[in-house]
**Student:** 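I'd like to ask some things about the structure below.
For reference, positions follow the sequence shown, starting with 1.
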Amino acid sequence: MTAPLRLLVVEDEQNLASGLKLNLELEGFEVDLAASAREAMARLVQPEAYAAILLDVMLPDLDGFELCGRLREAGNYTPVLMLTAKSSAADRVHGLEVGADDYLSKPFELSELLARVHSLLRRQQWDRSRPTSETADELRFGEAIIHFDTQEVRVRGESLKLTRLEFDLLRYFSQNPNRVLGREELMENVWKLANYPNSRTVDNFILRMRKCFEPDPREPVYFVAVRGSGYKFDPEGRGDD
Ligand code: CA
């Protein structure tokens, strides 16, 4: 028998927090609660302590976006499901930009919450169990080497930290070299979002890719914009046609 997976629920509304804990325990998880960002940070000192984090946005000390961003900056890539009363598309995208893996608006159905937690954990399991021999788990272009299995990135000999979404974007590009990829296609396949609210999310990620990988981010040769269509990844670095 495998040990139960441990989840961290960061939620300051006590009734909701204990309701979530109860239901997640019934589902077979072990659950710890944190009522503030500070408490959550203290529990997250060990990066591998939790299988996933359910993170409320409106917390008394720090908001959930900020907390998620700080975790990612600190190199903690535990899957995060953001929970919030804010349901606007802009907030949803903001959550994903700071490194959340999924997003659920309050009020939510328990069944949907459980489905999303399971899908988050499945996806993580899938990422970890990908056989390295059968898939192109390494990407090399220019002076960059990306190991998708160990999430190690080196550019010009320097190591670099990327978020999970940045890895997913790179992976999608590497699977589709020299093909023009529309923002919509990228949002659907990388962010797993249909009907995304604005294309700036994709553009912001491309800017970051260029900053990380291009010899001159203002004259990109690997992550090339195709006017009116989207972006193209050219591992040969030939730039504009
Ligand atoms: Ca709250």
**Student:** Rounded to the nearest 0.5 Å, what's the gap from CZ on R116 to CG on D102? Could you check?
**Tutor:** 4.5 Å
**Student:** Side chains of L20 and L83: does their closest heavy-atom pair fall under 4.5 Å?
**Tutor:** yes
**Student:** Would the number of heavy atoms belonging to other residues, nucleotides or ligands and lying under 6.0 Å from CZ of R38 be above 12?
**Tutor:** no
**Student:** Using side chain to side chain contact (heavy atoms under 4.5 Å, CB included), reason through D56 and V9 one step at a time and then give a plain yes or no.
**Tutor:** CA-CA 8 Å; D56 183 33; V9 174; over 6 Å; no
**Student:** Between CG of N23 and CZ of F29, what distance do you get to the nearest 0.5 Å?
**Tutor:** 12.0 Å
**Student:** Calculate, to the nearest 0.5 Å, the distance between atoms CG and OH belonging to L181 and Y231 respectively.
**Tutor:** 11.5 Å
**Student:** Can any side-chain N or O of E11 pair as donor or acceptor with the backbone N or O of E13 at less than 3.5 Å?
**Tutor:** yes
**Student:** Output yes when E152 and R154 qualify as a salt bridge under the 4.0 Å nitrogen-oxygen rule, no when they do not.
**Tutor:** no
**Student:** Of the non-hydrogen atoms in K21 and V31, which two are nearest, and what is the gap between them?
**Tutor:** NZ-O, 2.9 Å
**Student:** Hydrophobic clustering (ILVMFWY, side-chain heavy atoms < 4.5 Å, transitive) - are Y77 and L81 grouped together?
**Tutor:** no
**Student:** Taking side chain as C-beta onward, heavy atoms only, is V117 less than 4.5 Å from L121?
**Tutor:** yes
**Student:** Could you check whether any side-chain heavy atom of L71 comes within less than 4.5 Å of a side-chain heavy atom of I53, counting everything from C-beta outward?
**Tutor:** yes
**Student:** Of K161, Q151, R72, R208, which meets side chain to side chain donor-acceptor pair (under 3.5 Å) against E166?
**Tutor:** R208
**Student:** Could you go through the ring pair (Phe, Tyr, Trp, His ring centres under 6.0 Å) check for Y222 and F233 one step at a time?
**Tutor:** CA-CA 5 Å; Y222 299 111; F233 171 60; 7.1 Å; no
**Student:** Shared ILVMFWY cluster between L104 and L110, side chains joined below 4.5 angstrom?
**Tutor:** yes
**Student:** More than 12 foreign heavy atoms under 6.0 Å from CG of D216: is that the case here?
**Tutor:** yes
**Student:** Applying the 4.5 Å side-chain criterion to the ILVMFWY set and letting contacts propagate, would L207 and L169 be lumped into a single cluster?
**Tutor:** no
**Student:** Test side chain to side chain contact (heavy atoms under 4.5 Å, CB included) on L24 and L54 and set out the steps.
**Tutor:** CA-CA 11 Å; L24 289 164; L54 282 65; 4.0 Å; yes
**Student:** What's the separation between atom CZ in R218 and atom CZ in R210, rounded to the nearest 0.5 Å?
**Tutor:** 12.5 Å
**Student:** Is there a donor-acceptor pair under 3.5 Å between the side chain of R183 and the backbone N or O of D203?
**Tutor:** no
**Student:** Hey, does F167 have a side-chain heavy atom less than 4.5 Å from the side chain of I146?
**Tutor:** yes
**Student:** Considering non-hydrogen atoms only, spot the tightest contact between Y50 and L8 and give its length.
**Tutor:** CD2-N, 3.5 Å
**Student:** Restricting to non-hydrogen atoms, name the atom on A51 and the atom on L7 that form the minimum distance, rounded to 0.1 Å.
**Tutor:** CB-CD2, 4.4 Å
**Student:** Going by the angle between their ring planes, with limits at 30° and 60°, are F173 and F223 parallel, tilted or perpendicular?
**Tutor:** perpendicular
**Student:** Which heavy atom of C68 sits nearest to which heavy atom of L55, and what is that distance?
**Tutor:** CB-CD2, 4.0 Å
**Student:** Same cluster or not: are L22 and L113 linked, directly or through other Ile, Leu, Val, Met, Phe, Trp or Tyr residues, by side-chain heavy atoms under 4.5 angstrom apart?
**Tutor:** no
**Student:** Kindly indicate whether the side chain of N178, heavy atoms from C-beta on, has any atom under 4.5 Å from the side chain of P235.
**Tutor:** yes
**Student:** Applying a strict under-4.5 Å side-chain criterion to I, L, V, M, F, W and Y, I'd like to know whether V180 and L170 cluster together.
**Tutor:** no
**Student:** To the nearest 0.5 Å, what is the distance between CE (M82) and CZ (F65)?
**Tutor:** 4.5 Å
**Student:** Using a 4.5 Å cut-off on heavy atoms from C-beta on, say whether the side chain of E39 contacts that of D61.
**Tutor:** no
**Student:** Can you tell me how far apart CZ (R70) and CG (L62) are? Round to the nearest 0.5 Å.
**Tutor:** 4.5 Å
**Student:** Side chain to side chain contact (heavy atoms under 4.5 Å, CB included) for K106 and M58? Distances and angles first, verdict last.
**Tutor:** CA-CA 11 Å; K106 293 177 183 173; M58 307 287 274; over 6 Å; no
**Student:** Considering non-hydrogen atoms only, spot the tightest contact between V224 and V221 and give its length.
**Tutor:** CG2-O, 3.6 Å
**Student:** Indicate yes or no: at least one non-hydrogen side-chain atom of F148 is less than 4.5 angstrom from one of S174.
**Tutor:** yes
**Student:** Please report the shortest heavy-atom distance between V10 and L59, naming the atom on each side.
**Tutor:** CG1-CD1, 3.8 Å
